[in-house]
**Q** 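Have a look at this one before I ask anything.
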Amino acid sequence: MIPQIKQIIHNALSSLVEIPVDDIEIEIPTEESFGDIATPIAMKLAKVLKKAPHKIAEDILNKINEKDIFSKVEIAGPGYINFSFSEKFLSNELIKLLKNKKDYFFEDIGKGQKILIEFVSANPTGPLHLGHGRGAALGEALFNLLKFNGYSVEKEYYINDAGRQVNLLGSSVLARYKQLKGLNVKMPQDGYHGNYIVDIAKEFLESGLTEEEMTDHAYKKILSDIKNVLSDFGIFFHHWQSEKALYLQNYVSSAIEELKKKQLIYLKDGAYWFKSTFFGDDKDRVVIKSDGEYTYFASDIAYHKKKIERGYNELINIWGADHHGYIPRIEAVIEAFGYPKDKLRILLVQMVSLLRNGVPVSMSKRTGEFITLKEIADEIGVDTTKFLFLTRRHDSHIEIDIELAKKQSHDNPVYYVQYAHARIKSIFKKFFETAAQKESNIFLTSLNSFNYNLEELRLIKKALLYKMTLANATKSCEPHRITFYLQELASLFHNYYQKFRVLTEDELLTKGRLALCEAIGIVLNHGLEILNVRAPDKM
RNA sequence: GCCCCCUUAGCUCAGUAGGAUAGAGCACAGGUUUCCUAAACCUGGUGCCGCAGGUUCAAUUCCUGCAGGGGGCACCA
């Protein structure tokens with residue numbers, strides 16, 4: 001619909017000036033009386049054409065002759081061109097939507113380009129917390145969006161199963177294990193103090209495993225718990241990349257060697273440094289410490305090199321905002337291997353702060369006093385948790401009050417949207433109980449002669465705009481736009497539902513309204529699917 | 001000290017890659033159900049869009065400075 005409008009404006013402009021179709025902006029007017037869509041193009045062109053915006057708008061308007069599509073085109077304000085859709089056009093589009101279902105909303109933005117989204121990637125040293133959950137919700141929704149609009153997308157979890165943190169986990173478990181055996185052993189410095197460490201140690205008491213095997217088993221146990229929580233969350237990964245494997249397969253050493261050959265690594269104070277300043281970083285970064293050990297950054301170099309070499313057009317990393325200082329050095333890595341910096345897109349997910357009755361809940365890993373993702377999901381529900389995460393832009397802080405989230409469960413935004421869907425399903429259930437035909441597309445034929453009222457036309461327009469919302473959310477990597485759109489659509493529908501009856505004595509009227517409901521249902525269902533939230537048939 | 005993010009209604013937040021009279025939910029007050037689910041609907045009203053400059057025909061949106069909040073600045077991960 002929108003591309004079609006852009007093309008019409010483009011054609012009208014062709015004799016005046018040559019500009020790319022995509023530069024023609026379309027917006028939804030703030031006031032319904034201003035029409036359905038508008039373009040400020042005349043104002044934009046005023047400078048280039050050295051003519052008054054109003055005059056340009058008139059020239060454009062004179063060239064537009066699309067009586068079938070528009071019922072009204074007019075110039076308003078400082079030079080807007082406002083378009084109102086004809087009823088005929090809207091009902092034709094509605095028919096197309098009903099025929100093609102969700103494919104109606106498809107726009108080939110990706111054109112088959114391959115994208116890898118890496119997210120969560122929490123260290124397997126403890127349970128997932130809320131920040132991971134937010135990253136998970138965003139990553140999954142983004143995956144759905146990109147996939148729907150023509151990208152070939154895969155999801156990956158990077159497992160930090162090598163290095164200091166995992167060793168620390170091992171020694172923490174070992175200390176608890178010995179304590180359980182009655183030995184007077186202290187926890188290691190900066191060790192993990194959570195209760196789950198004690199639980200794992202208890203399992204070892206009965207397992208008969210040797211102390212050497214402990215570290216491996218500890219992180220594998222935690223990793224499998226993480227997978228379970230993610231699975232309950234409805235999130236799955238195509239790839240699980242192990243950091244340790246990168247070492248074992250010599251990816252790390254060869255990546256560092258390659259940088260040495262490029263003279264981007266030098267020796268200073270007994271350590272090897274990567275010249276990230278050459279690519280704009282604040283300071284150079286150590287890749288091999290003076291004790292001969294690789295740093296975490298070294299394996300990250302290898303990891304990102306490998307990801308690119310696997311043939312993706314674009315890499316997306318979803319990181320916690322506390323990693324933002326890491327961005328310049330990773331971008332430096334990308335450039336060091338000869339790729340453009342924008343091959344990698346890093347989305348930072350801001351902090352989630354947790355309150356209980358207005359009191360901040362401590363999130364410290366050190367003390368073990370932190371609320372896990374699982375606990376929150378158990379308490380307020382998986383759908384609510386995901387939906388809440390996606391009602392904010394990813395780079396803005398979220399504050400969640402557990403008690404409030406539970407209390408609000410009845411006027412919670414997620415129920416509001418789901419309820420609209422359930423209501424539609426319920427109407428159809430009722431209809432099919434008495435209807436002769438059992439297929440929902442029976443009303444397509446009668447639509448040509450059906451006249452929708454004002455509220456219905458408003459709903460149709462909103463449903464059709466879903467395509468634009470999807471496209472914008474995809475291009476900007478902002479799934480929260482879908483969340484807001486769904487709430488608006490649900491609101492319109494609830495309002496309509498209250499005011500008009502769908503199932504009536506009048507067969508034509510009933511079918512016309514059922515067609516509308518079907519369309520709204522398709523949109524709600526698809527939107528929730530993108531957000532990875534259930535669309536229930538009844539509530 | 002340096003870097004990043006945030007600052008919009010009482011609260012939590014949207015604001016479509018400058019545009020028309022800046023929006024929603026919650027909270028607060030009142031009302032709606034013989035009828036497809038009241039987890040719903042309707043009616044009430046608020047804003048120096050943090051502050052000060054700048055660019056522009058047009059700035060909540062872009063630029064600079066300042067203030068406040070959060071985060072980050074290891075031969076840790």
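Every value quoted in this text rests on a predicted model; they were computed, and no experiment measured them. We use all heavy atoms of the structure for the numbers below, so side chains are in, but hydrogens, waters and symmetry mates are not. Letters A, B, ... are given to chains in the order of the sequence lines, protein chains preceding strands, and every chain is numbered from 1.
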**Q** Please state how far atom CD1 in A/Ile427 lies from atom C1' in B/A40, giving the value in whole angstrom units.
**A**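 Taking CD1 of A/Ile427 and C1' of B/A40, I get 12 Å after rounding.
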**Q** Counting Watson-Crick and G-U wobble pairs only, both distances under 3.5 Å, name the nucleotide matched with B/A39, or none.
**A**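 Pairing partner: none.
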**Q** Identify whether any heavy atom of A/Ala271 sits under 4.0 Å from a base atom; if not, whether one sits that close to sugar-phosphate; answer base, sugar-phosphate or nothing.
**A**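 Answer is base: heavy atoms of A/Ala271 come under 4.0 Å of a base.
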**Q** Name the closest nucleotide to the A/Glu27 side chain, picking from B/A40, B/A39, B/A20.
**A**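 Given the options B/A40, B/A39, B/A20, the side chain of A/Glu27 is closest to B/A20.
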**Q** Does A/His324 get its side chain close enough to the base of B/G71, under 3.5 Å, for a donor-acceptor pair?
**A**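 Per atom types, the contact qualifies.
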**Q** Going by purine N1 to pyrimidine N3 plus the second Watson-Crick contact, or the G-U wobble pair, all under 3.5 Å, which nucleotide sits opposite B/U16?
**A**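 No nucleotide pairs with B/U16.
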**Q** Just by distance, with hydrogens left out, do A/Asp383 and A/Gln418 show a side-chain donor and acceptor under 3.5 Å apart?
**A**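 Judged by distance alone, the side chains do pair up.
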**Q** Counting neighbours of OH on A/Tyr272 that are heavy atoms of other residues, nucleotides or ligands and sit closer than 6.0 Å, is the number greater than 12?
**A**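 Check fails, neighbour count at 12 or below.
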**Q** Would you say A/Phe484 stacks on B/A24, if stacking means ring centres under 5.5 Å apart and planes within less than 30 degrees?
**A**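 Stacking between A/Phe484 and B/A24: absent.
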**Q** Any strand is fair game: report the nucleotide pairing with B/G53 by Watson-Crick or G-U wobble, both distances under 3.5 Å, or none.
**A**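 With both distances under 3.5 Å, B/G53 matches B/C63.
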**Q** Kindly say whether A/Leu169 contributes a backbone atom to a donor-acceptor pair with the side chain of A/Thr125 at under 3.5 angstrom?
**A**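 It does not hold such a pair.
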**Q** Can you tell which of B/C75, B/U16, B/C36 lies closest to the side chain of A/Asn472?
**A**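 Of the candidates, B/U16 comes closest.
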**Q** Where does the angle between the aromatic ring planes of A/Phe450 and A/Tyr452 fall among parallel (under 30°), tilted (30 to 60°) and perpendicular (over 60°)?
**A**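 Perpendicular, since the angle between the ring planes exceeds 60°.
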**Q** Pick the closest RNA chain B nucleotide for A/Pro29 and for A/Arg501 by heavy atoms, then say which residue is nearer the 5' end.
**A**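 Comparing both residues, the 5'-ward one is A/Pro29.
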**Q** Taking only the side-chain heavy atoms of A/Lys430 (C-beta and beyond), determine which of B/A77, B/C41, B/C36 contains the nearest atom.
**A**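 Closest of the options to the side chain of A/Lys430: B/C36.
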**Q** Using only atom types and a distance under 3.5 Å, with no angle test, would you say the side chain of A/Ser290 pairs donor to acceptor with the backbone of A/Gly270?
**A**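 Side chain of A/Ser290 to backbone of A/Gly270, a donor-acceptor pair under 3.5 Å: no, none is there.
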**Q** Checking base pairs now: Watson-Crick or wobble, both atom distances under 3.5 Å. What partners B/G25?
**A**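 B/G25 is paired with B/C11.
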**Q** Under 4.0 Å between any heavy atoms, over every strand shown, what does A/Tyr272 touch: base, sugar-phosphate, or nothing? Just pick one.
**A**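 If one applies the 4.0 Å heavy-atom cut-off, A/Tyr272 turns out to touch nothing in the nucleic acid.
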**Q** Counting the atoms with a prime plus P, OP1 and OP2 as sugar-phosphate, which does A/Tyr496 contact under 4.0 Å by heavy atoms, base, sugar-phosphate, or nothing?
**A**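 Nothing: the residue A/Tyr496, judged by heavy atoms under 4.0 Å, touches no strand.
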**Q** Rounded to the nearest angstrom, tell me the gap between atom CG in A/Leu503 and atom P in B/C35.
**A**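 Between P of B/C35 and CG of A/Leu503: 14 Å.
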**Q** If we ignore hydrogens and angles and just use 3.5 Å, is the side chain of A/Asp284 paired with the main-chain N or O of A/Trp273 as donor and acceptor?
**A**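 Pair absent, no side-chain N/O of A/Asp284 close to backbone of A/Trp273.
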**Q** Can you check the A/Leu388 CG to B/A14 P distance for me, whole Å?
**A**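 Nearest whole value for this atom pair: 13 Å.
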**Q** As a test of reading the structure: which of B/A14, B/C75, B/A40 is closest to the side chain of A/Arg392, going by heavy atoms?
**A**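 Looking only at heavy atoms from C-beta outward on A/Arg392, the closest nucleotide is B/A14.
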**Q** Specify the separation, in whole Å, of atom CD1 of A/Ile330 and atom P of B/C4.
**A**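 Atom-to-atom, A/Ile330 to B/C4, this comes out as 19 Å.
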**Q** For A/Tyr326, answer base if it contacts any base atom (sugar-phosphate contacts may also be present), sugar-phosphate if it contacts only those atoms, and nothing otherwise; contact means non-hydrogen atoms under 4.0 Å.
**A**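 Result for A/Tyr326 = base.
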**Q** To the nearest angstrom, how far is A/His397 atom NE2 from B/G69 atom C1'?
**A**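 To the nearest whole Å, that distance equals 8 Å.
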**Q** Looking only at atom P, what distance separates B/C63 and B/C4, rounded to whole Å?
**A**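 Approximately 12 Å lies between the P atom of B/C63 and that of B/C4.
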**Q** Given atom CD1 of A/Ile482 and atom P of B/U16, what is their separation to the nearest angstrom?
**A**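 Rounded to the whole Å, the gap is 15 Å.
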**Q** Among the nucleotides B/G15, B/G71, B/C41, which one has an atom lying closest to any side-chain atom of A/His494?
**A**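 Closest nucleotide among those given: B/C41.
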**Q** With both distances under 3.5 Å as the test, what is the Watson-Crick or G-U wobble partner of B/U33?
**A**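 Partner of B/U33: none.
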**Q** For the P atoms, the ones on B/A67 and on B/U21, what distance do you get once it is rounded to whole angstrom?
**A**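 Their P atoms lie roughly 35 Å apart.
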**Q** Identify whether any heavy atom of A/Arg481 sits under 4.0 Å from a base atom; if not, whether one sits that close to sugar-phosphate; answer base, sugar-phosphate or nothing.
**A**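 Sugar-phosphate contact only - A/Arg481 comes under 4.0 Å of backbone atoms but never of a base.
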**Q** Examine the base of B/C75 for any acceptor or donor lying under 3.5 Å from a partner atom in the side chain of A/Ser290, and report the outcome as yes or no.
**A**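 Yes, a donor-acceptor pair under 3.5 Å.
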**Q** Of all the choices, B/C36, B/C76, B/U16, which nucleotide is nearest to the side chain of A/Ser426 once you look at every atom?
**A**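 Taking heavy atoms from C-beta onward, the closest nucleotide is B/C36.
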**Q** Answer with yes or no whether A/Asn82 presents, from its side chain, a donor or acceptor under 3.5 Å of a partner atom in the base of B/A20.
**A**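 Side chain to base: pair present.
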**Q** Roughly how many Å apart are B/G10 and B/G31, using the P atom of each and rounding to a whole number?
**A**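 Nearest-Å result for B/G31 against B/G10 at atom P: 26 Å.
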**Q** When we call it a touch if two heavy atoms are under 4.0 Å apart, what does A/Asp282 touch: a base, just sugar-phosphate, or nothing?
**A**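 Contact class for A/Asp282: none.
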**Q** Is A/Ala420 touching bases, backbone alone, or none of the nucleic acid, heavy atoms closer than 4.0 Å?
**A**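 Contact class for A/Ala420: none.
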**Q** In whole Å, what is the span from the CD atom of A/Glu455 to the P atom of B/C41?
**A**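 So the CD-P distance, A/Glu455 to B/C41, works out to 15 Å.
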**Q** Work out how far the C1' atom of B/A14 is from that of B/U8, and round it to whole angstrom.
**A**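 Going atom to atom, C1' in each nucleotide, I get 10 Å.
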**Q** Among the nucleotides B/G72, B/C41, B/A77, which one has an atom lying closest to any side-chain atom of A/Asp322?
**A**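 Given the options B/G72, B/C41, B/A77, the side chain of A/Asp322 is closest to B/G72.
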**Q** Report the C-alpha separation of A/Phe389 and A/Val349 in whole Å, then their side-chain angles, then the decisive distance to 0.1 Å, and conclude whether the side chain to side chain contact (heavy atoms under 4.5 Å, CB included) test is met.
**A** CA-CA 10 Å; A/Phe389 283 147; A/Val349 174; over 6 Å; no
**Q** Need one value for A/Lys475: base, sugar-phosphate or nothing, where a base atom within 4.0 Å counts as base even if backbone is also close, heavy atoms only.
**A**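 Result for A/Lys475 = nothing.
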**Q** Mind checking who B/C76 pairs with, Watson-Crick or G-U wobble, both distances under 3.5 Å?
**A**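 Pair assignment: B/C76 / none.
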**Q** On a whole-Å scale, what distance lies between the P atoms belonging to B/C35 and B/G23?
**A**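 To the nearest whole Å, 38 Å.
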**Q** Please work out if A/Glu25 contacts a base, only the sugar-phosphate, or nothing of the nucleic acid, heavy-atom cut-off 4.0 Å.
**A**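 Counting heavy atoms under 4.0 Å across all strands, no contact is made by A/Glu25.
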**Q** Can you check the distance between B/A39 and B/C3, where both ends of the measurement are the C1' atom (answer in whole Å)?
**A**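 So the two C1' atoms sit 46 Å from each other.
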**Q** What nucleic acid atoms does A/Ile28 come within less than 4.0 Å of, heavy atoms only: base, sugar-phosphate, or nothing?
**A**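 The residue A/Ile28 makes base contact.
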**Q** Closest nucleotide of RNA chain B for A/Pro40 versus for A/His480: which of these residues is on the 5' side?
**A**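 Nearer the 5' end of the strand: A/His480.
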**Q** Classify the side-chain pair A/Lys307/A/Asn317 by whether it contains a donor and acceptor separated by less than 3.5 Å.
**A**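 There is such a pair (donor and acceptor under 3.5 Å, judged by atom type) between the side chains of A/Lys307 and A/Asn317.
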**Q** Taking atom C1' in both B/G45 and B/G50, compute the distance separating them and give it to the nearest angstrom.
**A**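 Here B/G45 and B/G50 have their C1' atoms 23 Å from each other.
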**Q** Classify A/Ala473 by what it touches in the nucleic acid, base, sugar-phosphate, or nothing, heavy-atom distance under 4.0 Å.
**A**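 No contact at all - A/Ala473 keeps every heavy atom at 4.0 Å or more from the nucleic acid.
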**Q** Only one of A/Lys462, A/Lys461, A/Arg458 passes salt bridge (charged side-chain N to carboxylate O under 4.0 Å, His left out) with A/Glu32; say which it is.
**A**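 For A/Glu32, the salt bridge (charged side-chain N to carboxylate O under 4.0 Å, His left out) check succeeds only for A/Arg458.
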**Q** Base, sugar-phosphate, or nothing for A/Ser396, non-hydrogen atoms under 4.0 angstrom?
**A**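 Sugar-phosphate contact only - A/Ser396 comes under 4.0 Å of backbone atoms but never of a base.
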**Q** Can you tell me the distance, in whole Å, between the CZ atom of A/Arg134 and the C1' atom of B/C13?
**A**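 Distance check: A/Arg134 CZ to B/C13 C1' gives 12 Å.
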**Q** By nearest atom, which of the nucleotides B/G71, B/A20, B/G15 is closest to the A/Phe34 side chain?
**A**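 So the side chain of A/Phe34 is nearest to B/A20.
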**Q** Suppose we define a pair by two distances each less than 3.5 Å, Watson-Crick or G-U wobble; what does B/G45 pair with here?
**A**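 Paired with B/G45, as far as the under-3.5 Å criterion goes, is no nucleotide at all.
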**Q** Taking atom types as modelled and ignoring hydrogens, do the side chains of A/Tyr496 and A/Arg513 form a donor-acceptor contact shorter than 3.5 angstrom?
**A**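 Per modelled atom types, A/Tyr496 and A/Arg513 side chains form a pair under 3.5 Å.
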**Q** Touch check for A/Lys283, heavy atoms < 4.0 angstrom, all strands: base, sugar-phosphate only, or nothing?
**A**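 Counting heavy atoms under 4.0 Å across all strands, the contact made by A/Lys283 is with sugar-phosphate only.
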**Q** Distance between the P atoms of B/U7 and B/U60, in whole angstroms?
**A**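 These two P atoms come out 15 Å apart once rounded.
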**Q** To the side chain of A/Gln350, which of B/A20, B/C13, B/C5 is closest?
**A**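 It is B/C5.
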